[in-house]
Amino acid sequence: MDIRLQSVSHSYGETEVMRDITLDIPSGKIVCIVGPSGCGKSTLLRFIGGLEKPDQGDILQMGEPPRNCLNPLTYIFQDFALLPWRTVWGNISLVLEDHDIRGTRAKTIIQDVLTRTKLSDFAHALPKQLSGGMKQRVAIARALAVNPAVMLMDEPLSALDSQTRELLMDDLIALWTRTPFTAVYVTHNLAEAVRLGHSIVVLSRRPGQIREIVTIDKPLA
Ligand code: ADP
Ligand code: ADP
């Protein structure tokens, strides 16, 4: 589903953090948001995700109805946010249970996302038994399981070493190439944005305003 931010502005108390942001997030594309720390990238994701409302402006969900998506939006965070006492399988099955998906239907979905993220051999592992890169693949698998209209990714690779980051970028590109998803990907790392984004939105220092939007020629793979 296409999402449009229309003239979004916001202040926290006296502090103006965002000014007049108008932006389209096209269905099936990865839009990267870059800019200095504190320019409002995470705040923008919270607005898109509906966790918070901006002072001014609108977030519009346009066009086609969500294609059989269970969840309009899913977050992926820097710190993975896995439940430590649950296995890989258990972490994914939990979000499916939230959508009343259990039994064989859940099993089929979980097996599919574990295959796509190359985690089939780790279904019964606990998070502490996994490397950082694998934990983030679990978080990605969990996000894909609910077939979200938009994946909201906040610095998803920033906690990982550079070699793991490279591998995860390859994985994300392979996943997107097989089944294109819509994502808003926040990073302070320009190289990551260039590699992953179909477009890159560059925000200025606070108050965050759009300095430029760069379209990158893909295919990625
Ligand atoms: P970024 O993700 O680009 O680093 P943030 O969106 O986290 O930026 O924050 C933008 C600005 O808004 C920062 O100056 C931050 O301190 C401020 N800010 C973010 N959330 C809140 C809040 N809930 N209350 C007050 N100020 C906030
Ligand atoms: P926990 O709930 O402690 O995290 P598991 O994640 O191992 O435990 O299992 C949760 C449920 O999913 C169990 O009922 C289990 O039988 C089922 N399950 C776990 N892994 C698989 C698998 N690879 N294939 C089929 N069913 C599984």
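As the structure lists them, so they are numbered: ligands from 1, and atoms in each ligand from 1.
Note that atom 8 (O) of ligand 1 has protein non-hydrogen atoms nearby, at separations under 4.0 angstrom. Remark: atom 22 (C) of ligand 1 lies closer than 4.0 Å to at least one protein heavy atom.
By the 4.0 Å heavy-atom criterion, Gly35 is excluded from the residues contacting ligand 1.
When the heavy-atom distances from atom 20 (N) of ligand 1 to Arg46, Met18, Glu16 are ranked, the shortest goes to Arg46. For atom 2 (O) of ligand 1, the nearest non-hydrogen atom from the set Ser42, Ser37, Cys39 belongs to Ser42.
Numbered from 1 in the order shown, with element, the atoms of ligand 1 that lie under 4.0 Å from a heavy atom of Val17 read 11 (C), 12 (O). Close contacts of ligand 1 with Lys41, meaning ligand atoms under 4.0 Å from a residue heavy atom, involve 1 (P), 2 (O), 3 (O), 4 (O), 6 (O), 8 (O).
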Run the side-chain contact (heavy atoms from CB on, under 4.5 Å) check on Val34 and Val201 step by step: do they pass? CA-CA 6 Å; Val34 301; Val201 179; over 6 Å; no
Assess the residue pair Thr74 and Leu152 against the criterion (side-chain contact (heavy atoms from CB on, under 4.5 Å)); give the C-alpha distance rounded to whole Å, side-chain angles, the decisive distance to 0.1 Å, and a yes or no. CA-CA 6 Å; Thr74 314; Leu152 301 173; over 6 Å; no
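The protein atom (non-hydrogen) at minimum distance from atom 5 (P) of ligand 1 is Thr43 OG1, 3.6 Å. The single protein non-hydrogen atom nearest to atom 25 (C) of ligand 1 is Tyr12 CG, 3.4 Å, given as residue, atom name and distance. In terms of protein heavy-atom proximity, atom 13 (C) of ligand 1 is nearest to Gly38 O, 3.8 Å. Scanning the protein heavy atoms around atom 14 (O) of ligand 1, the nearest turns out to be Arg206 NH1, 3.0 Å.
There is a side-chain donor-acceptor pair under 3.5 Å between Asp161 and Thr164. In this model, a donor atom of one side chain and an acceptor atom of the other lie less than 3.5 Å apart for Glu155 and His188.
Judged by distance alone, the side chain of His198 and the main-chain N or O of Ile30 form a donor-acceptor pair under 3.5 Å.
Both Phe122 and Leu82 sit in one connected hydrophobic cluster of ILVMFWY residues. Membership requires side-chain heavy atoms under 4.5 Å apart, directly or through other members.
Here the side chains of Ser199 and Ile216 are not in contact, with every heavy-atom distance at 4.5 Å or above. Residues Val88 and His124 are not in side-chain contact: their nearest non-hydrogen atoms beyond the backbone lie 4.5 Å or more apart.
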